[in-house]
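Input: a single structure, listed below in structure tokens.
Proteins get letters first, then strands, A, B, ... in listed order; numbering begins at 1 in each. The structure displayed is predicted, hence computed values, not measured ones. Quick note: numbers below take in every heavy atom, side chains included, and nothing from hydrogens, waters or symmetry partners.
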Amino acid sequence: MSDQELIELIKEDHDYLGYVYKNNKDSCISFMRNMSPKTSPDDLNDIFQDAIIILYEKIVNEDFQLTATIQTYLNSVCRFQILNKFRSDKKKVNHDNNFEIIVDKLNYDNSIQDNLQPIEQSEETQFNAIERALKAIEKAGGNCYELLTLFWYHKKSVEELTTHFGYSNSANTKNQKYKCQKRLQKLAINYQNG
Amino acid sequence: MDNKTKEIVKEIFSPILKDYFEISPRNIDWSSITNAFLFYEKDAKLVYTEIYKLEPKDPEILITQLSELYDVFANQMAEHFVLDSSNSDYEILNNETNSIFKEKVDFFNVLKNVTTKVERSRIINKLPNLAEHNDFSISDNDIENAIKKKSREDLKNKFNKWDKELSESEIPVYTLHEEEKLYSKNITLEKDNYTKKNKKTISRSWLKYAAVAAILITSLLIVQPTKTSNEKLFSQYSTIATNYRQLNYERLTRTSEGEENRSFYEFTLKNLSSAETDIALQGLKYFHEGNFDQSKKLLASINPKNKNSKILLFLAISQLNTNEVDIAITTLLYLENIPDFQFNDTVTFYLAISYLKKNNLKKAKTLLQSLTDKESLYHNQAQEIIKKMRWF
């Protein structure tokens, strides 16, 4: 399976991220360790997982065209994240005498500087209330949680949602989404006021 | 005005127009109606004017619904604005007076961020498990091709062996034709040599034909057993969950589609009395639990034929899953002939697997093919079954 084919599969079903995770983790961690041997394994793991999320959000949010291999992309994103981390921590990247030689041999693209989009929480009370309401809806069962997250995060179209849930037509899907949102909003208001 | 905005207004308005007009009005000025909606919060009378222009039979009742319709409109516009703010009409909506629209935009912005946070966390937690459980199994096609290739290689090796045996043989090998020629030239052979020759005369062309036949038979014998038995296919596909989700029984209600918290007892099913509805719903409950004996019993008791085709479909599937295949086929054929039946594809699919169970493979394949030839909910399943079907 080519990387572009895998990208198409991930667009359809994010469970295919497991394949990317399994096949690229060791190389990415090794790449980052070469770059920054003092970073803890847990931090390296977190950076790699964030890189997977960055890749996924690129795939679903935009017309993503892979200009390098997935491995190169992930390495580049991890590298950029480490550089950012060190800039903010005011630490320097470990420059081994042979670092430039090592780096040349490593698989990354300098031009890739994708980052995790920050989550705005300016209206903290409202944010917390909606988050709490969403988790309550998830726990309650039914289709609402999946419907809302597939639409708002995974960027599924109404037609894709209609097929996924087996609704009879798009109008019914929109109606269901509308009701789920109303339900969520009501619950969130209760949490906010209660 | 953006066409997307007009489409949203049309989609919201069109279904309700038939309730307010004896004959659906022609030449509706959707641009004017859309424009009026965009300014609804500033001046609702613009929409009233457009409504009165259409001359509905109860304009006041329609007008009382406008706030709800505007809510749906604002909802959709706000969603599109948060997801992709490229619509030029947002400039009109996104100002101080449009508090309903702005409130929805605020809510959806936060909802978008909340779902991002929650889903990122869920995916990250799930990643190691996904890596363990990803099943990228080789397709049946690849298995078949690999087996064919190996079989051919094995047979070619055998050819080499046979060729070797032939070349090691002391007695020359001739075709029968050549044997006759030799006789006609009066070459005298001793009887035992002649007998030996006949026994050892092996036509190479016959050998080739036998080898080709062996390849074909071996390939079929190897490949066919790897295909799933049709009985097993029937069991696999007669009860798969996605089929049931597509026939969510809550969709049978007249008034709402799959509303989650609605009690069973707040409505009656189409053409069924209250008592019959109770029985039908209990039957459907058994159906969803996989208790087809009970669902069949209850659904059959209300005699849904000529009353409620959707209930009849559930009955047919129950019959199929309790070994009453012939009866199920009769029921499904009846449903197949109902014009504009909402679950036509479902009927076709179950008819196909009924024929599969009866080993009527030609009919099964024709029906499955019709599902793969179009955009059907059963497209992928039909394709899978055709691939896996055993032909003997």
Side-chain angles (χ1 to χ4, degrees), chain A residues 1 14-23 25 46 49-50 52-53 56-57 116-117 119-123 126-131 133-135 138 140-145 148-149 151-155 163 165-168 170-172 174-185 188, chain B residues 8 11-12 14-15 71-72 75-76 78-79 82-84 103-104 106-136 241-248 251 256-261 342-343 346 375-377 379-380:
Chain A
M1 188 181 351
H14 65 272
D15 280 355
Y16 282 98
L17 287 172
Y19 189 75
V20 174
Y21 185 85
K22 191 165 71 171
N23 287 303
K25 185 176 181 183
D46 287 346
Q49 288 178 341
D50 282 353
I52 299 276
I53 296 291
Y56 179 65
E57 290 180 2
L116 211 56
Q117 293 303 310
I119 297 172
E120 287 172 36
Q121 295 191 45
S122 49
E123 295 283 340
Q126 192 185 21
F127 187 98
N128 291 338
I130 293 175
E131 187 180 0
L134 191 63
K135 286 180 178 171
E138 185 189 15
N143 288 339
C144 274
Y145 178 84
L148 293 173
T149 52
F151 182 76
W152 286 105
Y153 179 69
H154 300 277
K155 304 291 187 283
T163 309
F165 290 104
Y167 295 134
S168 52
S170 302
N172 288 330
K174 285 183 190 174
N175 193 30
Q176 274 305 304
K177 184 161 58 66
Y178 180 73
K179 287 176 185 170
C180 285
Q181 281 166 181
K182 276 269 180 237
R183 185 179 155 198
L184 179 80
Q185 197 169 19
Chain B
I8 289 171
E11 208 178 79
I12 293 167
S14 300
D71 194 73
V72 175
N75 204 72
Q76 286 198 40
E79 275 178 8
V82 169
L83 286 170
D84 157 32
E103 198 183 285
K104 287 183 186 297
D106 288 342
F107 175 73
F108 288 140
N109 267 324
V110 178
L111 177 56
K112 188 175 147 202
N113 285 321
V114 166
T115 55
T116 299
K117 182 185 171 189
V118 161
E119 281 294 285
R120 277 181 184 173
S121 175
R122 190 185 65 79
I123 290 171
I124 284 174
N125 287 334
K126 210 176 150 186
L127 274 173
N129 285 335
L130 286 178
E132 291 298 315
H133 293 121
N134 263 152
D135 177 10
F136 296 99
T242 50
N243 285 351
Y244 296 159
R245 190 153 64 171
Q246 285 147 10
L247 294 176
N248 188 332
R251 293 169 59 212
S256 80
E257 295 276 345
E259 194 162 350
E260 287 167 16
N261 297 316
Q342 193 179 359
F343 299 108
T346 307
E375 285 291 311
S376 160
L377 287 170
H379 179 273
N380 291 343

- Query: Looking at OH of A/Tyr21 and CG of B/Asn129, how far apart are the two atoms once the value is rounded to the nearest 0.5 Å?
  - Reply: 9.5 Å
- Query: Hey, are the side chains of A/Tyr178 and B/Asp71 touching, using non-hydrogen atoms and a 4.5 Å cut-off?
  - Reply: yes
- Note on the structure: Between B/Asn113 and A/Glu120 the two heavy atoms that sit nearest each other are ND2-O, 3.4 Å
- Audit row: A/Trp152, B/Val82, side-chain contact (heavy atoms from CB on, under 4.5 Å) steps and yes/no: CA-CA 10 Å; A/Trp152 286 105; B/Val82 169; 3.7 Å; yes
- Closest approach of B/Phe107 to A/Gln126 (non-hydrogen atoms, all atoms of both residues): CA-NE2, 4.1 Å
- Heavy-atom side-chain proximity of B/Lys126 to A/Asp15 below 4.5 angstrom: yes
- Task: Apply side-chain contact (heavy atoms from CB on, under 4.5 Å) to the pair A/Asn175 and B/Val72, showing each step before the final yes or no.
- Result: CA-CA 9 Å; A/Asn175 193 30; B/Val72 175; over 6 Å; no
- About how many Å separate CD of B/Glu79 and CZ of A/Phe151, when rounded to the nearest 0.5 Å? 4.0 Å
- Message: For the CD atom of B/Glu119 and the CD1 atom of A/Ile53, what is their distance to the nearest 0.5 Å?
- Response: 9.0 Å
- Return the option, out of A/Leu148, A/Leu134, A/Asn128, A/Asp46, with the maximum number of heavy-atom pairs under 4.5 Å with chain B. A/Leu134
- Query: Can you find a heavy atom in the side chain of A/Asp50 that is under 4.5 Å from one in the side chain of B/Ile124?
  - Reply: yes
- Rounded to the nearest 0.5 Å, the OH atom of A/Tyr145 sits from the OG1 atom of B/Thr115 at a distance of 8.5 Å
- Would you indicate whether the side-chain heavy atoms of B/Thr116 and A/Glu57 approach each other to under 4.5 Å? yes
- Note on the structure: Under 4.5 Å to a heavy atom of chain B? For A/Ile130 that would be both
- Item | Point-to-point distance, once rounded to the nearest 0.5 Å, from CD of A/Gln49 to CZ of B/Arg120 | 13.0 Å
- Task: Starting at CG of B/Leu111, measure out to CZ of A/Phe127 and round the result to the nearest 0.5 Å.
- Result: 10.0 Å
- Message: At a 4.5 Å cut-off on heavy atoms, which part of A/His154 comes close to chain B: side chain, backbone, both, or neither?
- Response: side chain
- Task: Begin from the C-alpha positions of A/Tyr153 and B/Ile123 and carry the test side-chain contact (heavy atoms from CB on, under 4.5 Å) through to its verdict.
- Result: CA-CA 12 Å; A/Tyr153 179 69; B/Ile123 290 171; 3.9 Å; yes
- Per-residue contact mode, A/Lys25 against chain B (heavy atom under 4.5 angstrom): neither
- Query: Checking heavy atoms, do the side chain of A/Gln181, its backbone, both or neither come under 4.5 Å from chain B?
  - Reply: both
